[in-house]
Number of protein chains: 2
Amino acid sequence: MIDHEVQFKRFLQKQGLKLTPSRARILEAAFTMHEHFDAEKLHDLIKADNVSLATVYRTLPLLLEAGLISRTVRIGGRDRFEHILGHPRHAHWLCENCQAVIETDLSALQSAITKEAKALKFDIQQISLNITGLCWKCKDSANDSQ
Amino acid sequence: MIDHEVQFKRFLQKQGLKLTPSRARILEAAFTMHEHFDAEKLHDLIKADNVSLATVYRTLPLLLEAGLISRTVRIGGRDRFEHILGHPRHAHWLCENCQAVIETDLSALQSAITKEAKALKFDIQQISLNITGLCWKCKDSANDSQ
DNA sequence: GAGTTTGTTGCAAATGATTCTCAAATGAAA
DNA sequence: TTTCATTTGAGAATCATTTGCAACAAACTC
Ligand SMILES: [Mn+2]
Ligand SMILES: [Mn+2]
Ligand SMILES: [Zn+2]
Ligand SMILES: [Zn+2]
């Protein structure tokens with residue numbers, strides 16, 4: 001069994017839940033995908049295996065709680081996610097114009113955040129640093145059209 | 001005319017739009033409110049003046065673009081906002097359990113972010129640092145119930 | 001000023017992501 | 001095998017947000 005599957009099973013058992021075929025398939029798909037994904041995109045990948053979209057929506061919160069995926073950016077009214085295990089934390093820069101998503105390292109900020117968390121006695125589950133604006137391409141074309 | 005009204009008017013004119021009574025009323029309400037608000041909460045405040053919820057929804061993106069408000073945390077499927085002018089940037093810590101929102105200073109991180117933006121040639125509109133987890137109250141009660 | 005263009009608004013209807021209902025299926029345990 | 005809680009697919013329901021539209025209004029044009 002793969003690393004993330006072990007972790008998910010352990011999490012589920014702790015809650016009295018089972019690692020069912022559907023849940024295993026959803027987990028696998030989430031880790032197959034190496035880009036951001038939303039519920040529907042993930043479902044597209046596995047609907048051939050008779051896994052319903054409802055179950056995808058039911059499983060996503062479990063994966064979040066288990067710390068296996070994180071919510072990244074909300075685009076077009078849809079929540080997007082990415083898998084975490086083995087990926088360092090990063091910030092998301094979202095271009096309002098072309099909707100490009102750029103990722104940068106977060107480790108520089110992490111220590112400052114952890115320190116603050118200690119002071120607040122806050123138990124961190126997810127850190128999300130999102131910066132919106134215009135990417136260099138769109139900033140330039142904005143200048144051109146003026 | 002108040003500071004934020006001048007700024008909004010200037011922004012609108014630049015886009016060939018007008019500072020109408022409805023828009024002015026919405027802006028005013030956004031700056032009257034000294035907590036986070038969602039579209040409906042803002043509308044409650046001004047519906048007596050015959051401003052429709054649709055117009056609130058139409059105006060919110062304008063205020064965002066004008067840099068007068070920012071999107072903060074999404075709770076219960078609703079987007080929340082806060083006014084910006086005169087308020088220093090801050091991070092939002094959201095308790096998953098009691099949904100409390102704690103705010104902390106962001107200025108320590110700001111310089112690191114600005115520096116990164118320069119490197120990326122990214123034109124920043126909004127910075128949003130959201131941290132989810134358990135506040136100290138809920139962390140404690142989780143221990144109790146075990 | 002009358003007519004024209006362009007942006008605005010309230011209202012009601014539409015949209016669409018997410019959640020819920022429910023009856024059938026599954027599965028661990030006894 | 002019987003039991004009993006959990007899970008699931010399918011479809012219906014929910015509900016924040018968006019949109020179409022007809023009436024308005026201010027700004028121009030002549
Ligand atoms: Mn990412
Ligand atoms: Mn705030
Ligand atoms: Zn761009
Ligand atoms: Zn709490």
Nearest 0.5 Å, please: how far is CD1 in A:Ile46 from CD in A:Glu28? 9.0 Å
Distance col, row B:Thr20:OG1 vs B:Leu12:CG, nearest 0.5 angstrom, shows 8.0 Å
Starting at [atom1] of [X] and ending at [atom2] of [N], how long is that distance when rounded to a whole Å?
X	N	atom1	atom2	result
B:Gln13	C:dT8	CD	P	12 Å
B:Phe81	D:dT17	CZ	C1'	10 Å
B:Leu12	D:dA27	CG	P	14 Å
A:Phe8	D:dT7	CZ	C1'	13 Å

Count I, L, V, M, F, W, Y as connected when their side-chain heavy atoms are under 4.5 Å apart, and connections chain through other members. Are A:Phe31 and A:Phe8 then in the same cluster? yes
Distance-only check: which donor-acceptor pairs under 3.5 Å involve side-chain atoms of residues 57-78 of chain A, not counting sequence neighbours?
from: A:Thr59; atom 1: OG1; to: A:Thr55; atom 2: O; distance (Å): 2.7
from: A:Arg71; atom 1: NH1; to: A:Asp79; atom 2: OD2; distance (Å): 3.3
from: A:Thr72; atom 1: OG1; to: A:Arg80; atom 2: O; distance (Å): 3.4
from: A:Arg74; atom 1: NH1; to: A:Asp79; atom 2: OD1; distance (Å): 3.1
from: A:Arg74; atom 1: NH2; to: A:Gly77; atom 2: O; distance (Å): 3.0
from: A:Arg78; atom 1: NH1; to: A:Asp38; atom 2: OD2; distance (Å): 3.0
from: A:Arg78; atom 1: NH1; to: A:Glu40; atom 2: OE1; distance (Å): 3.1
from: A:Arg78; atom 1: NH2; to: A:Glu40; atom 2: OE1; distance (Å): 2.6

Expected list for residues 49-79 of chain A near DNA chain C, using heavy atoms below 4.0 Å, is A:Ala54, A:Tyr57, A:Arg58, A:Arg74, A:Gly77, A:Arg78, A:Asp79
Pick out which of B:His83, B:Lys41, B:His92 makes a side-chain hydrogen bond (donor to acceptor under 3.5 Å, both in side chains) with B:His36. B:His92
Does anything in residues 15-37 of chain A come within less than 4.0 Å of DNA chain D? Heavy atoms only, and list the residues if so. A:Leu17, A:Lys18, A:Thr20, A:Ser22, A:Arg23
Any Lys/Arg nitrogen of A:Asp49 or A:Arg25 sitting under 4.0 Å from an Asp/Glu carboxylate oxygen of the other? yes
Using modelled atom types and a 3.5 Å cut-off, is there a donor and acceptor pairing between side-chain atoms of B:His90 and backbone atoms of B:Leu129? no
